[in-house]
Trainee: 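Mind having a look at this structure? Questions to follow.
Basis for what follows: all heavy atoms, side chains included, without hydrogens, waters or symmetry-related copies. Throughout, residue positions are numbered sequentially from 1 according to the sequence presented.
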Amino acid sequence: GIKASIRGIGGVFRMTQKLGIVAIATLGGIGLAIKKAFDFELAEKQFEVLLGSVEKAKQRFKELKELSAGTPFELKNLIEASKMLEGFGIKAKENAKALTLVGDAAAALNPEKLEEMALAYGRLFASSQTGKGAGEPTMRLLELMVLAPKTKMEIDALAQSVGNSGKIMALAQRDLMRFKGGMEKLSTVGHGLFSTLKDNWTISLAAFGDEFMDLSKNTMREFIQKLKDLRNDGSIKAWAESAVKSLSTVKSLLADIFG
């Protein structure tokens, strides 16, 4: 019951004292590594759904890790940008090409705008397939300083008709090429190096955490089952009722003392 739980907590504190700060820090590091491994597993599964196969998902994730390890962008931002582009229909090698284009532009203009640029570029691609106009995405790309005003006008005119997708995207890519090499150059400055260091550390942590994945999953499954058992056999309800009675007793004592 509750007494056993309190004894268990006391045991944890006693163990903590025996282990010392270094051991606790090690356990905390393992916990962080497992969390990063879980994050990577989630991202890979999301790509599996988007791309339709385990192999493609693994390959895309591998490419993004390699890209993040040598650019000023964190892996999580590259993952989100790649997913956005994929969602708008920019697939396979074209996805990597588009990500490099918007990545270079974001690196040169504002690294924090990577995902926003990817969203606008993806929307431009999608609208170019329909012939229903591209005014909104071109305006956003203009505001982000990715497109020149003249290019926006040319794209808006072409977007009024179906069948001009190739020409539209060629114009957009022409303007984006102005920022070619932006990621590589930014990765050599202090800010970029710090971001690259963080990403390499994250990737290394996740690789370390992979070794604990099965153990941690099995432990969580056992704990989940234990909680279900405690609910089903009435233990949790009994603990709650006992707690309520204890609080009622305390309340009555206080009322007697101060009432």
Side-chain angles (χ1 to χ4, degrees), residues 29-30 32-122 125 144 146 169 172-173 175-214 216:
I30 292 173
L32 180 59
I34 293 171
K35 172 63 169 60
K36 293 300 181 185
F38 283 164
D39 290 343
F40 279 22
E41 180 189 40
L42 174 62
E44 197 168 298
K45 285 295 179 183
Q46 289 174 330
F47 275 121
E48 185 180 329
V49 175
L50 275 172
L51 304 180
S53 80
V54 175
E55 291 75 18
K56 289 180 180 178
K58 287 185 179 297
Q59 181 59 33
R60 175 70 61 83
F61 198 59
K62 179 174 178 289
E63 291 169 357
L64 291 173
K65 283 195 291 185
E66 290 173 352
L67 183 61
S68 73
T71 69
F73 298 112
E74 292 187 36
L75 179 57
K76 62 182 180 180
N77 302 120
L78 292 170
I79 288 171
E80 288 305 312
S82 181
K83 281 161 52 179
M84 285 179 189
L85 294 169
E86 188 73 32
F88 282 111
I90 304 175
K91 303 179 180 296
K93 291 182 179 179
E94 288 303 310
N95 188 285
K97 178 181 176 181
L99 186 58
T100 300
L101 286 169
V102 296
D104 280 340
L109 298 169
N110 187 344
E112 294 181 1
K113 298 291 185 180
L114 172 66
E115 291 174 46
E116 200 171 339
M117 288 184 185
L119 176 63
Y121 186 85
F125 176 81
L144 290 166
V146 172
M169 298 315 294
Q173 289 166 12
D175 276 19
L176 282 162
M177 285 299 292
R178 292 179 295 155
F179 310 104
K180 185 177 180 180
M183 288 190 289
E184 183 180 354
K185 289 176 182 176
L186 199 64
S187 67
T188 63
V189 301
H191 185 278
L193 284 170
F194 183 71
S195 177
T196 301
L197 175 61
K198 281 173 61 181
D199 250 353
N200 278 277
W201 174 247
T202 298
I203 293 168
S204 298
L205 268 181
F208 184 79
D210 277 341
E211 300 304 315
F212 295 88
M213 286 268 280
D214 290 339
S216 56

Trainee: Looking only at heavy atoms, which two atoms of Leu67 and Thr71 are closest? And how far apart?
Mentor: O-CG2, 2.7 Å

Trainee: Which heavy atom of Met169 sits nearest a heavy atom of Phe125, and at what distance?
Mentor: SD-CA, 3.7 Å

Trainee: Is Lys56 close to Phe47 at the side-chain level, that is, under 4.5 Å between some pair of heavy atoms?
Mentor: no

Trainee: Where do Gly182 and Asp104 come nearest, in terms of heavy atoms and distance?
Mentor: N-OD1, 3.3 Å

Trainee: side-chain contact (heavy atoms from CB on, under 4.5 Å) between Phe73 and Leu186: does it pass, once the steps are laid out?
Mentor: CA-CA 10 Å; Phe73 298 112; Leu186 199 64; 5.9 Å; no

Trainee: Just by modelled atom types, is the Glu115 backbone N or O under 3.5 Å from a matching donor or acceptor in the Asn77 side chain?
Mentor: no

Trainee: Taking NZ, NE, NH1 and NH2 as the nitrogens, is one of them in Glu48 or Lys45 under 4.0 Å from a carboxylate oxygen of the other?
Mentor: yes

Trainee: Mind listing the closest non-hydrogen atom pair of Gly122 and Ile90 along with its distance?
Mentor: CA-CD1, 4.2 Å

Trainee: Measure across Ser68 and Glu74 and return the closest heavy-atom pair with its distance rounded to 0.1 Å.
Mentor: CB-C, 4.4 Å

Trainee: Would a distance-only check, ignoring hydrogens and angles, find a side-chain to backbone donor-acceptor pair under 3.5 Å from Thr188 to Lys185?
Mentor: yes

Trainee: Taking all atoms of both residues into account, what is the closest heavy-atom pair of Ala106 and Lys113, and its distance?
Mentor: CB-C, 4.5 Å

Trainee: Is there a side-chain contact (heavy atoms from CB on, under 4.5 Å) between Leu144 and Leu109? Walk through the geometry before answering.
Mentor: CA-CA 8 Å; Leu144 290 166; Leu109 298 169; 5.9 Å; no

Trainee: For Ser82 and Leu78, indicate whether the former's side chain and the latter's backbone hold a donor-acceptor pair under 3.5 Å.
Mentor: no

Trainee: So do Leu64 and Leu75 actually touch side chain to side chain, heavy atoms under 4.5 Å?
Mentor: yes

Trainee: Is a side-chain donor or acceptor of Arg60 paired with a backbone partner of Ala57 at a separation under 3.5 angstrom?
Mentor: no

Trainee: Please check if any side-chain donor atom of Glu63 sits under 3.5 Å from a side-chain acceptor atom of Gln59, or the reverse.
Mentor: yes

Trainee: Would you call Lys83 and Glu80 a salt bridge, taking side-chain N to carboxylate O under 4.0 Å as the test?
Mentor: yes

Trainee: Answer yes or no: is there a side-chain heavy-atom contact under 4.5 Å between Val146 and Asp175?
Mentor: no

Trainee: With under 30° as parallel and over 60° as perpendicular, where do the rings of Phe40 and Phe61 fit, or are they tilted in between?
Mentor: perpendicular

Trainee: Atom CD in Glu116, atom CE in Met84: separation rounded to 0.5 Å?
Mentor: 9.0 Å

Trainee: With a 4.5 Å cut-off on side-chain heavy atoms, are Pro72 and Met183 touching?
Mentor: yes

